[in-house]
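Notes to accompany the following structure.
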Number of protein chains: 2
Amino acid sequence: MALDRKDLAILAELTTNARASHAELASKIGLSSTALARRQKTLEDEGYIQAYQATLDLAQFGLTTTVLVRIALESQSDDALKAFEAEVVKCPSVVRCFLMSGTDDYILIVLARDIQDFERIHRTELSRLPRVARVQSSFALREIVNRAVPTVVFGEAKR
Amino acid sequence: MALDRKDLAILAELTTNARASHAELASKIGLSSTALARRQKTLEDEGYIQAYQATLDLAQFGLTTTVLVRIALESQSDDALKAFEAEVVKCPSVVRCFLMSGTDDYILIVLARDIQDFERIHRTELSRLPRVARVQSSFALREIVNRAVPTVVFGEAKR
DNA sequence: TCTCCTTGGGAACGCCGACGCGCATCTTGA
DNA sequence: TCAAGATGCGCGTCGGCGTTCCCAAGGAGA
């Protein structure tokens, strides 16, 4: 299935405005509400739209500190990876975790209230992870870009 | 303003189901639809809920490769940072960019179709960024955790 | 040219969300 | 202990929205 410019416009709008009504979207894009509803439903059924989710203002919850954590394991054996991954998904302050190529084994993104709070997280969550050889933390001083979807997606009209 | 367990339950549900109807949420949480609507509106007005956005399946668009890019600048002068940041926000394949403490200056998260595509991005987007001294890329082999909101948020009932 | 298929648009119906009102509960102060 | 305000909840109404059906227009292929 190929997406045309109108489909991409719908996606672009819904990624910033998931609650927009059909009539609202239709007038912005230049379609009737019926036609728009059909296209939106198709985009959902085909899997382009995965879900609709509310975005929370994490600063409102005091989570203003982002930390990138590099973790190297004692060994890269399969059961070491499995054991680590089974535990890291349980860490409540971890929002992302990647298995990486190169020297570092895993990279985590952790959200904390402040540096003292990260010390607590390091003690109660990170240091309890199994098979860990080395933990190295870097603090984000500022966030310059934060997009859920790369803008390149919205410029790929096929027809 | 303090949030109780019901507020957190509403937030938890909306982060996975932003289009859930009031009646649907109400029965899950144990409230009437009116009471739920009021609480939801309060959460929006107080800024806890920032927006409602559709989540796209990026794999459906062929974006299956995540790359972490470390970028060091020639200098850390204020205008070097400003010049870099003004350009990096324009890169269509960049989804996250942090100014970091420690040795590396910036860390970017880039989405690409594959390794060849990342070579193109490196050539057309990253290498054109100003004041860059060094670029170091690491590929994510697998994603273990990907949460928009840390689960710790939903366990902070104040009353 | 005829037919099939796709896509857009209009109208009716049913449901949902927004709003105002009244009631119950809890708290504050004398 | 009692009164008064605040807070939270449920019910009912009304307007708007989504859903569905039907029909029209345009393009592709035999």
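Protein chains get the first letters and strands the later ones, always in sequence-line order, with residue 1 at the start of each.
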Between [Y] and [X], does any NZ, NE, NH1 or NH2 come within less than 4.0 Å of an OD or OE carboxylate oxygen?
X         : Y         : result
Arg113(B) : Glu156(A) : yes
Asp105(A) : Arg70(A)  : no
Arg120(B) : Asp114(B) : no

If I take atom [atom1] in residue [X] and atom [atom2] in nucleotide [N], what distance separates them, rounded to the nearest angstrom?
X        : N       : atom1 : atom2 : answer
Asp7(A)  : dT6(C)  : CG    : C1'   : 14 Å
Lys41(B) : dC16(C) : NZ    : P     : 21 Å
Gln40(A) : dG8(C)  : CD    : P     : 14 Å
Leu36(A) : dG10(C) : CG    : P     : 14 Å
Arg5(B)  : dG8(D)  : CZ    : C1'   : 17 Å
Arg39(A) : dT19(D) : CZ    : P     : 17 Å
Lys6(B)  : dT7(D)  : NZ    : P     : 17 Å
Leu3(B)  : dT7(D)  : CG    : C1'   : 16 Å

Neighbours of DNA chain D within residues 17-28 of chain B, by heavy-atom distance under 4.0 Å: none

side-chain contact (heavy atoms from CB on, under 4.5 Å) between Ile144(B) and Tyr106(A), worked out: CA-CA 9 Å; Ile144(B) 292 91; Tyr106(A) 288 98; 3.6 Å; yes

Polar pair under 3.5 Å, donor/acceptor by atom type, side chain Arg38(A), base dG8(C): yes

Donor-acceptor pair present, Thr34(A) side chain and dG10(C) base, under 3.5 Å: yes

For a quick test of your reading: what N or O donor-acceptor pairs under 3.5 Å do the side chains of residues 26-35 of chain A make, sequence neighbours left out?
{"unit_1": "Ser27(A)", "atom_1": "OG", "unit_2": "Glu24(A)", "atom_2": "O", "d": "3.0"}
{"unit_1": "Lys28(A)", "atom_1": "NZ", "unit_2": "Glu13(A)", "atom_2": "OE2", "d": "3.1"}
{"unit_1": "Ser32(A)", "atom_1": "OG", "unit_2": "Ala35(A)", "atom_2": "N", "d": "3.2"}

Sugar-phosphate, base or nothing in reach of Ala37(A), heavy atoms under 4.0 Å: nothing

Arg19(B) charged N/C atom sitting above Tyr52(A) aromatic ring, 6.0 Å / 45°: yes

Pairs involving residues 83-94 of chain B, ordered by first then second residue, that meet salt bridge (charged side-chain N to carboxylate O under 4.0 Å, His left out) (sequence neighbours left out): Arg142(A)-Glu85(B), Glu87(B)-Lys90(B)

